[in-house]
Number of protein chains: 2
Amino acid sequence: MNNETYSGHSAAEIVGITYRQLDYWASTNLIRPSAADASGSGSRRRYTYKDLLELKVIKKMLDAGIKLPKIRDVFAYMRDHVGTEIASAHIVIDGNSVILCDGDNLVDVLRHGQGVLNVLPLTGVREEVDNRIVSLSDRIRETEERVRAEAERAEESARLARESRGTAQGDA
Amino acid sequence: MNNETYSGHSAAEIVGITYRQLDYWASTNLIRPSAADASGSGSRRRYTYKDLLELKVIKKMLDAGIKLPKIRDVFAYMRDHVGTEIASAHIVIDGNSVILCDGDNLVDVLRHGQGVLNVLPLTGVREEVDNRIVSLSDRIRETEERVRAEAERAEESARLARESRGTAQGDA
DNA sequence: CCGGGTAACTACACGGGTGTAAGACGCTAC
DNA sequence: GTAGCGTCTTACACCCGTGTAGTTACCCGG
(Lines give C-alpha, C1' and ligand atoms only; values in the text may rest on other atoms or scores of the structure.)
Protein backbone atom coordinates (compact mmCIF):
# COMPACT_ATOMS: atom_id res chain seq x y z
CA MET A 1 0.00 0.00 0.00
CA ASN A 2 1.06 3.52 -0.72
CA ASN A 3 1.37 5.64 2.39
CA GLU A 4 2.73 8.77 0.76
CA THR A 5 0.74 11.94 0.94
CA TYR A 6 0.54 14.53 -1.80
CA SER A 7 0.23 18.29 -1.97
CA GLY A 8 -2.67 19.92 -3.70
CA HIS A 9 -0.74 20.78 -6.80
CA SER A 10 0.85 17.33 -6.99
CA ALA A 11 -2.52 15.67 -6.60
CA ALA A 12 -4.00 17.84 -9.33
CA GLU A 13 -1.06 17.10 -11.57
CA ILE A 14 -1.28 13.37 -10.95
CA VAL A 15 -4.96 12.95 -11.64
CA GLY A 16 -4.99 15.45 -14.47
CA ILE A 17 -7.19 18.22 -13.15
CA THR A 18 -6.57 21.89 -12.43
CA TYR A 19 -5.74 23.15 -8.99
CA ARG A 20 -8.86 25.29 -9.18
CA GLN A 21 -10.99 22.21 -9.50
CA LEU A 22 -9.29 20.45 -6.63
CA ASP A 23 -9.71 23.55 -4.51
CA TYR A 24 -13.35 23.99 -5.43
CA TRP A 25 -14.14 20.38 -4.76
CA ALA A 26 -12.49 20.59 -1.36
CA SER A 27 -14.23 23.79 -0.37
CA THR A 28 -17.61 22.52 -1.55
CA ASN A 29 -17.14 19.25 0.25
CA LEU A 30 -17.00 16.93 -2.70
CA ILE A 31 -13.68 15.51 -1.61
CA ARG A 32 -11.34 16.81 1.08
CA PRO A 33 -7.78 15.66 1.68
CA SER A 34 -7.83 12.82 4.21
CA ALA A 35 -4.30 13.28 5.51
CA ALA A 36 -4.51 16.99 6.29
CA ASP A 37 -7.24 19.45 5.54
CA ALA A 38 -6.69 23.15 5.00
CA SER A 39 -7.00 25.52 7.97
CA GLY A 40 -6.57 28.99 6.58
CA SER A 41 -4.03 30.65 4.36
CA GLY A 42 -0.61 29.12 4.48
CA SER A 43 -1.80 25.74 5.72
CA ARG A 44 -1.24 22.69 3.59
CA ARG A 45 -3.62 20.06 2.32
CA ARG A 46 -2.27 16.54 2.09
CA TYR A 47 -3.95 13.97 -0.09
CA THR A 48 -3.60 10.24 0.46
CA TYR A 49 -3.23 7.67 -2.25
CA LYS A 50 -6.83 6.66 -1.77
CA ASP A 51 -7.81 10.28 -2.26
CA LEU A 52 -5.97 10.22 -5.55
CA LEU A 53 -7.99 7.22 -6.66
CA GLU A 54 -11.22 8.96 -5.80
CA LEU A 55 -10.09 12.10 -7.56
CA LYS A 56 -9.28 10.07 -10.61
CA VAL A 57 -12.71 8.50 -10.55
CA ILE A 58 -14.24 11.94 -10.42
CA LYS A 59 -12.06 13.07 -13.27
CA LYS A 60 -13.16 10.09 -15.34
CA MET A 61 -16.80 10.72 -14.66
CA LEU A 62 -16.32 14.34 -15.62
CA ASP A 63 -14.67 13.30 -18.86
CA ALA A 64 -17.62 11.03 -19.51
CA GLY A 65 -19.83 14.10 -19.44
CA ILE A 66 -21.40 13.53 -16.06
CA LYS A 67 -22.51 16.60 -14.15
CA LEU A 68 -20.80 17.48 -10.90
CA PRO A 69 -24.04 17.41 -8.90
CA LYS A 70 -24.52 13.81 -9.99
CA ILE A 71 -20.97 13.00 -8.97
CA ARG A 72 -21.66 14.57 -5.61
CA ASP A 73 -24.68 12.30 -5.27
CA VAL A 74 -22.64 9.25 -6.10
CA PHE A 75 -19.95 9.99 -3.56
CA ALA A 76 -22.46 10.94 -0.92
CA TYR A 77 -24.19 7.65 -1.52
CA MET A 78 -20.96 5.69 -1.33
CA ARG A 79 -19.99 7.39 1.90
CA ASP A 80 -23.37 6.79 3.44
CA HIS A 81 -23.23 3.14 2.59
CA VAL A 82 -20.05 2.32 4.42
CA GLY A 83 -18.21 -0.72 3.24
CA THR A 84 -18.19 0.81 -0.18
CA GLU A 85 -14.49 0.42 -0.47
CA ILE A 86 -13.25 0.76 -3.98
CA ALA A 87 -12.03 -2.77 -4.38
CA SER A 88 -14.44 -3.98 -7.01
CA ALA A 89 -13.96 -3.99 -10.72
CA HIS A 90 -16.81 -1.72 -11.69
CA ILE A 91 -18.93 1.04 -10.30
CA VAL A 92 -22.42 1.09 -11.73
CA ILE A 93 -24.65 4.08 -11.18
CA ASP A 94 -28.32 3.26 -11.54
CA GLY A 95 -30.54 6.23 -10.94
CA ASN A 96 -30.09 7.07 -7.31
CA SER A 97 -28.13 4.05 -6.19
CA VAL A 98 -24.60 2.91 -6.78
CA ILE A 99 -23.65 -0.72 -7.21
CA LEU A 100 -20.22 -2.27 -7.08
CA CYS A 101 -19.73 -5.22 -9.39
CA ASP A 102 -16.87 -7.55 -10.04
CA GLY A 103 -17.54 -8.93 -13.46
CA ASP A 104 -20.13 -11.65 -13.12
CA ASN A 105 -23.08 -9.87 -11.62
CA LEU A 106 -22.43 -6.97 -13.93
CA VAL A 107 -24.50 -8.57 -16.65
CA ASP A 108 -27.47 -9.08 -14.38
CA VAL A 109 -27.36 -5.53 -13.16
CA LEU A 110 -27.40 -4.25 -16.70
CA ARG A 111 -30.34 -6.39 -17.69
CA HIS A 112 -32.47 -5.00 -14.91
CA GLY A 113 -31.56 -1.37 -15.37
CA GLN A 114 -34.35 0.68 -16.83
CA GLY A 115 -32.88 4.14 -16.67
CA VAL A 116 -29.48 5.21 -17.86
CA LEU A 117 -26.64 3.26 -16.32
CA ASN A 118 -23.17 4.63 -15.89
CA VAL A 119 -20.56 1.91 -15.81
CA LEU A 120 -17.10 2.84 -14.61
CA PRO A 121 -14.37 0.17 -14.74
CA LEU A 122 -11.91 0.73 -11.94
CA THR A 123 -9.12 -1.34 -13.42
CA GLY A 124 -7.64 1.54 -15.33
CA VAL A 125 -7.91 4.01 -12.49
CA ARG A 126 -5.24 2.56 -10.22
CA GLU A 127 -2.86 1.96 -13.08
CA GLU A 128 -3.14 5.44 -14.45
CA VAL A 129 -2.68 7.02 -11.07
CA ASP A 130 0.37 4.85 -10.38
CA ASN A 131 1.90 5.77 -13.69
CA ARG A 132 1.42 9.45 -13.11
CA ILE A 133 2.91 9.13 -9.66
CA VAL A 134 6.12 7.57 -10.92
CA SER A 135 6.45 9.99 -13.79
CA LEU A 136 5.89 12.83 -11.37
CA SER A 137 8.50 11.56 -8.92
CA ASP A 138 10.85 11.00 -11.84
CA ARG A 139 10.43 14.59 -12.86
CA ILE A 140 11.07 15.73 -9.31
CA ARG A 141 14.23 13.68 -9.10
CA GLU A 142 15.45 15.04 -12.40
CA THR A 143 14.79 18.56 -11.30
CA GLU A 144 16.61 18.04 -8.04
CA GLU A 145 19.58 16.59 -9.85
CA ARG A 146 19.64 19.44 -12.29
CA VAL A 147 19.54 21.92 -9.45
CA ARG A 148 22.34 20.13 -7.67
CA ALA A 149 24.45 19.99 -10.83
CA GLU A 150 23.83 23.67 -11.35
CA ALA A 151 24.96 24.41 -7.82
CA GLU A 152 28.10 22.34 -8.32
CA ARG A 153 28.93 24.12 -11.52
CA ALA A 154 28.46 27.48 -9.83
CA GLU A 155 30.67 26.32 -6.98
CA GLU A 156 33.34 25.21 -9.46
CA SER A 157 33.40 28.47 -11.38
CA ALA A 158 33.54 30.38 -8.11
CA ARG A 159 36.57 28.30 -7.12
CA LEU A 160 38.21 28.97 -10.49
CA ALA A 161 37.55 32.68 -10.10
CA ARG A 162 39.16 32.64 -6.68
CA GLU A 163 42.23 30.81 -8.07
CA SER A 164 42.68 33.16 -11.02
CA ARG A 165 42.40 36.11 -8.68
CA GLY A 166 45.11 34.48 -6.59
CA THR A 167 47.58 34.06 -9.52
CA ALA A 168 46.98 37.37 -11.30
CA GLN A 169 45.82 39.72 -8.60
CA GLY A 170 45.20 43.34 -9.38
CA ASP A 171 45.32 42.84 -13.16
CA ALA A 172 43.03 45.82 -13.84
CA MET B 1 -46.23 4.05 -37.12
CA ASN B 2 -47.39 7.31 -35.64
CA ASN B 3 -47.69 10.09 -38.18
CA GLU B 4 -49.10 12.74 -35.92
CA THR B 5 -47.16 15.89 -35.33
CA TYR B 6 -47.03 17.80 -32.08
CA SER B 7 -46.78 21.41 -31.06
CA GLY B 8 -43.90 22.61 -28.95
CA HIS B 9 -45.89 22.74 -25.76
CA SER B 10 -47.42 19.33 -26.39
CA ALA B 11 -44.03 17.83 -27.09
CA ALA B 12 -42.60 19.33 -23.93
CA GLU B 13 -45.56 18.08 -21.97
CA ILE B 14 -45.30 14.58 -23.40
CA VAL B 15 -41.62 14.04 -22.79
CA GLY B 16 -41.64 15.82 -19.46
CA ILE B 17 -39.48 18.85 -20.09
CA THR B 18 -40.15 22.58 -19.95
CA TYR B 19 -40.96 24.60 -23.01
CA ARG B 20 -37.89 26.67 -22.29
CA GLN B 21 -35.70 23.63 -22.66
CA LEU B 22 -37.34 22.56 -25.89
CA ASP B 23 -36.95 26.08 -27.21
CA TYR B 24 -33.32 26.33 -26.19
CA TRP B 25 -32.46 22.97 -27.66
CA ALA B 26 -34.09 23.94 -30.93
CA SER B 27 -32.37 27.30 -31.13
CA THR B 28 -29.00 25.83 -30.23
CA ASN B 29 -29.41 23.06 -32.74
CA LEU B 30 -29.56 20.12 -30.39
CA ILE B 31 -32.84 18.96 -31.83
CA ARG B 32 -35.15 20.81 -34.18
CA PRO B 33 -38.70 19.80 -35.06
CA SER B 34 -38.58 17.61 -38.17
CA ALA B 35 -42.10 18.32 -39.38
CA ALA B 36 -41.93 22.10 -39.29
CA ASP B 37 -39.23 24.35 -37.97
CA ALA B 38 -39.83 27.81 -36.60
CA SER B 39 -39.53 30.80 -38.91
CA GLY B 40 -39.96 33.83 -36.74
CA SER B 41 -42.56 34.95 -34.24
CA GLY B 42 -45.97 33.46 -34.75
CA SER B 43 -44.73 30.49 -36.72
CA ARG B 44 -45.31 27.00 -35.37
CA ARG B 45 -42.91 24.17 -34.75
CA ARG B 46 -44.21 20.68 -35.36
CA TYR B 47 -42.52 17.69 -33.81
CA THR B 48 -42.82 14.19 -35.19
CA TYR B 49 -43.18 11.06 -33.15
CA LYS B 50 -39.55 10.23 -33.81
CA ASP B 51 -38.62 13.65 -32.48
CA LEU B 52 -40.49 12.83 -29.32
CA LEU B 53 -38.45 9.66 -28.90
CA GLU B 54 -35.24 11.59 -29.29
CA LEU B 55 -36.42 14.23 -26.89
CA LYS B 56 -37.24 11.54 -24.39
CA VAL B 57 -33.79 10.06 -24.77
CA ILE B 58 -32.29 13.46 -24.09
CA LYS B 59 -34.53 13.88 -21.08
CA LYS B 60 -33.41 10.53 -19.74
CA MET B 61 -29.77 11.34 -20.21
CA LEU B 62 -30.30 14.63 -18.46
CA ASP B 63 -31.97 12.87 -15.56
CA ALA B 64 -29.02 10.52 -15.41
CA GLY B 65 -26.82 13.54 -14.75
CA ILE B 66 -25.22 13.78 -18.17
CA LYS B 67 -24.13 17.21 -19.31
CA LEU B 68 -25.81 18.82 -22.28
CA PRO B 69 -22.54 19.20 -24.23
CA LYS B 70 -22.05 15.45 -23.99
CA ILE B 71 -25.58 14.89 -25.20
CA ARG B 72 -24.87 17.18 -28.11
CA ASP B 73 -21.84 15.07 -28.93
CA VAL B 74 -23.86 11.90 -28.86
CA PHE B 75 -26.54 13.19 -31.18
CA ALA B 76 -24.02 14.76 -33.50
CA TYR B 77 -22.25 11.43 -33.67
CA MET B 78 -25.44 9.53 -34.32
CA ARG B 79 -26.41 11.93 -37.10
CA ASP B 80 -23.01 11.73 -38.69
CA HIS B 81 -23.11 7.98 -38.71
CA VAL B 82 -26.27 7.54 -40.68
CA GLY B 83 -28.07 4.28 -40.23
CA THR B 84 -28.14 5.02 -36.56
CA GLU B 85 -31.84 4.57 -36.38
CA ILE B 86 -33.09 4.07 -32.91
CA ALA B 87 -34.27 0.54 -33.34
CA SER B 88 -31.84 -1.23 -31.07
CA ALA B 89 -32.36 -2.08 -27.48
CA HIS B 90 -29.55 -0.08 -25.98
CA ILE B 91 -27.44 2.94 -26.68
CA VAL B 92 -23.95 2.70 -25.26
CA ILE B 93 -21.75 5.75 -25.09
CA ASP B 94 -18.08 4.90 -24.91
CA GLY B 95 -15.92 7.97 -24.81
CA ASN B 96 -16.36 9.60 -28.17
CA SER B 97 -18.28 6.90 -29.95
CA VAL B 98 -21.79 5.63 -29.65
CA ILE B 99 -22.71 1.99 -30.07
CA LEU B 100 -26.11 0.47 -30.56
CA CYS B 101 -26.58 -2.94 -29.01
CA ASP B 102 -29.40 -5.39 -28.90
CA GLY B 103 -28.72 -7.46 -25.88
CA ASP B 104 -26.11 -10.01 -26.80
CA ASN B 105 -23.17 -7.91 -27.86
CA LEU B 106 -23.87 -5.61 -24.95
CA VAL B 107 -21.80 -7.74 -22.63
CA ASP B 108 -18.79 -7.73 -24.94
CA VAL B 109 -18.95 -4.01 -25.37
CA LEU B 110 -18.93 -3.54 -21.65
CA ARG B 111 -15.97 -5.84 -21.12
CA HIS B 112 -13.84 -3.87 -23.52
CA GLY B 113 -14.78 -0.44 -22.30
CA GLN B 114 -12.02 1.27 -20.42
CA GLY B 115 -13.56 4.63 -19.75
CA VAL B 116 -16.97 5.33 -18.33
CA LEU B 117 -19.78 3.78 -20.30
CA ASN B 118 -23.26 5.20 -20.39
CA VAL B 119 -25.84 2.55 -21.10
CA LEU B 120 -29.31 3.68 -22.09
CA PRO B 121 -31.99 1.03 -22.57
CA LEU B 122 -34.48 2.19 -25.18
CA THR B 123 -37.21 -0.21 -24.21
CA GLY B 124 -38.80 2.15 -21.76
CA VAL B 125 -38.57 5.19 -23.97
CA ARG B 126 -41.18 4.30 -26.54
CA GLU B 127 -43.59 3.02 -23.91
CA GLU B 128 -43.36 6.09 -21.79
CA VAL B 129 -43.83 8.39 -24.72
CA ASP B 130 -46.83 6.44 -25.92
CA ASN B 131 -48.40 6.54 -22.49
CA ARG B 132 -47.95 10.26 -22.23
CA ILE B 133 -49.42 10.73 -25.66
CA VAL B 134 -52.63 8.91 -24.81
CA SER B 135 -52.97 10.61 -21.45
CA LEU B 136 -52.41 13.92 -23.15
CA SER B 137 -55.04 13.28 -25.83
CA ASP B 138 -57.37 12.06 -23.09
CA ARG B 139 -56.93 15.31 -21.27
CA ILE B 140 -57.55 17.26 -24.44
CA ARG B 141 -60.75 15.36 -25.11
CA GLU B 142 -61.91 15.92 -21.56
CA THR B 143 -61.18 19.59 -21.80
CA GLU B 144 -63.04 19.89 -25.07
CA GLU B 145 -66.01 18.11 -23.62
CA ARG B 146 -65.97 20.30 -20.56
CA VAL B 147 -65.84 23.39 -22.74
CA ARG B 148 -68.71 22.12 -24.87
CA ALA B 149 -70.76 21.29 -21.79
CA GLU B 150 -70.02 24.74 -20.44
CA ALA B 151 -71.15 26.30 -23.68
CA GLU B 152 -74.35 24.28 -23.63
CA ARG B 153 -75.06 25.30 -20.09
CA ALA B 154 -74.49 28.92 -20.96
CA GLU B 155 -76.76 28.54 -23.96
CA GLU B 156 -79.41 26.98 -21.75
CA SER B 157 -79.32 29.69 -19.15
CA ALA B 158 -79.40 32.30 -21.87
CA ARG B 159 -82.53 30.64 -23.26
CA LEU B 160 -84.08 30.57 -19.78
CA ALA B 161 -83.27 34.24 -19.35
CA ARG B 162 -84.90 35.04 -22.63
CA GLU B 163 -88.01 33.08 -21.66
CA SER B 164 -88.32 34.68 -18.24
CA ARG B 165 -87.89 38.06 -19.83
CA GLY B 166 -90.67 37.13 -22.22
CA THR B 167 -93.11 36.16 -19.39
CA ALA B 168 -92.32 38.90 -16.92
CA GLN B 169 -91.03 41.75 -18.98
CA GLY B 170 -90.24 45.09 -17.37
CA ASP B 171 -90.35 43.73 -13.77
CA ALA B 172 -87.94 46.36 -12.40
C1' DC C 1 -60.79 42.96 -42.08
C1' DC C 2 -60.13 42.75 -37.41
C1' DG C 3 -59.63 40.94 -32.65
C1' DG C 4 -58.07 37.30 -29.68
C1' DG C 5 -55.22 33.52 -28.79
C1' DT C 6 -51.15 31.01 -29.29
C1' DA C 7 -46.49 30.37 -30.01
C1' DA C 8 -41.96 32.02 -31.15
C1' DC C 9 -38.67 35.51 -29.99
C1' DT C 10 -36.08 38.69 -26.96
C1' DA C 11 -34.23 40.26 -22.71
C1' DC C 12 -32.79 39.78 -18.15
C1' DA C 13 -31.53 37.18 -13.98
C1' DC C 14 -29.40 33.49 -11.57
C1' DG C 15 -26.65 29.55 -10.06
C1' DG C 16 -22.93 26.29 -10.78
C1' DG C 17 -18.30 25.25 -12.31
C1' DT C 18 -14.15 27.07 -13.85
C1' DG C 19 -10.22 30.54 -15.20
C1' DT C 20 -7.35 34.24 -13.47
C1' DA C 21 -5.19 37.29 -10.47
C1' DA C 22 -4.11 39.35 -6.17
C1' DG C 23 -3.92 38.95 -1.15
C1' DA C 24 -2.85 36.48 3.35
C1' DC C 25 -0.40 33.26 5.83
C1' DG C 26 2.89 29.56 7.43
C1' DC C 27 7.25 27.24 6.85
C1' DT C 28 12.06 27.00 6.08
C1' DA C 29 16.67 28.81 5.31
C1' DC C 30 19.73 32.07 6.11
C1' DG D 1 14.02 37.83 12.56
C1' DT D 2 13.36 38.31 7.97
C1' DA D 3 13.14 36.99 2.93
C1' DG D 4 11.21 33.97 -0.09
C1' DC D 5 8.39 30.40 -1.54
C1' DG D 6 4.50 27.46 -1.59
C1' DT D 7 -0.07 27.30 -0.38
C1' DC D 8 -4.70 28.53 0.82
C1' DT D 9 -8.10 32.32 0.32
C1' DT D 10 -10.70 35.85 -1.80
C1' DA D 11 -12.46 38.41 -5.54
C1' DC D 12 -13.94 38.97 -10.04
C1' DA D 13 -15.43 37.46 -14.55
C1' DC D 14 -17.15 34.22 -17.87
C1' DC D 15 -20.08 30.60 -20.05
C1' DC D 16 -23.84 27.51 -20.11
C1' DG D 17 -28.45 25.98 -19.11
C1' DT D 18 -32.65 27.39 -17.30
C1' DG D 19 -36.58 30.38 -15.18
C1' DT D 20 -39.47 34.37 -15.97
C1' DA D 21 -41.59 38.23 -18.29
C1' DG D 22 -42.67 40.93 -21.93
C1' DT D 23 -42.90 41.58 -27.13
C1' DT D 24 -43.80 40.31 -31.78
C1' DA D 25 -46.03 37.85 -35.31
C1' DC D 26 -48.98 34.38 -37.31
C1' DC D 27 -53.52 32.10 -37.52
C1' DC D 28 -58.27 31.50 -37.13
C1' DG D 29 -63.00 32.83 -36.27
C1' DG D 30 -66.23 36.26 -36.64
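Values below: all heavy atoms of this structure, side chains included; hydrogens, waters and symmetry mates excluded. Residue numbers start from 1 in every chain, and the chains themselves are labelled A, B, ... in the order their sequence lines are given, proteins ahead of strands.
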Between [X] ([atom1]) and [N] ([atom2]), how many Å, whole number?
X       : N      : atom1 : atom2 : value
B:Arg20 : C:dT10 : CZ    : P     : 11 Å
A:Asp73 : C:dG16 : CG    : P     : 14 Å
A:Arg44 : C:dA24 : CZ    : P     : 18 Å
A:Lys70 : C:dG17 : NZ    : P     : 14 Å

Base of D:dC8, side chain of A:Ser41 - is there a donor-acceptor contact under 3.5 Å?
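Yes.
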Check if the side chain of A:Arg45 and the base of D:dT7 share a donor-acceptor pair of N or O atoms closer than 3.5 Å.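 Absent.
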Would you call [X]-[Y] a salt bridge at under 4.0 Å N-O?
X        : Y        : value
B:Asp23  : B:Arg45  : yes
B:Lys50  : B:Glu54  : yes
A:Asp130 : A:Arg126 : no

Interatomic distance, CZ@A:Arg132 vs OG@A:Ser137, rounded to 0.5 Å, equals 12.0 Å
The reported gap from CZ in A:Arg72 to OG1 in A:Thr28 (rounded to nearest 0.5 angstrom) is 3.5 Å
Taking the side chain of B:Asp23 as its heavy atoms from C-beta onward, which of D:dT9, D:dG17, C:dT10 lies nearest to it?
->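 The answer is C:dT10.
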Practice prompt. Using heavy atoms to find the nearest nucleotide of DNA chain D for B:Gly40 and B:Lys67 separately, return the residue whose nucleotide is more 5′.
Written response: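 The residue closer to the strand's 5' end, by nearest nucleotide, is B:Lys67.
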Residue pair A:Thr18/A:Ser43 against DNA chain C: nearer the 5' end by closest nucleotide is A:Thr18
Within the pair [X] and [N], is there a side-chain N or O less than 4.0 Å away from OP1 or OP2?
X       : N      : result
A:Arg32 : D:dC8  : no
B:Trp25 : D:dT18 : yes
A:Tyr24 : C:dG16 : no
A:Ser7  : D:dT7  : yes

- How would you label the contact of B:Thr28 with the nucleic acid (heavy atoms, under 4.0 Å): base, sugar-phosphate, or nothing?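 Result for B:Thr28 = nothing.
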- request: Would you indicate what A:Leu30 reaches in the nucleic acid, counting non-hydrogen atoms under 4.0 angstrom: base, sugar-phosphate, or nothing?
  value: nothing
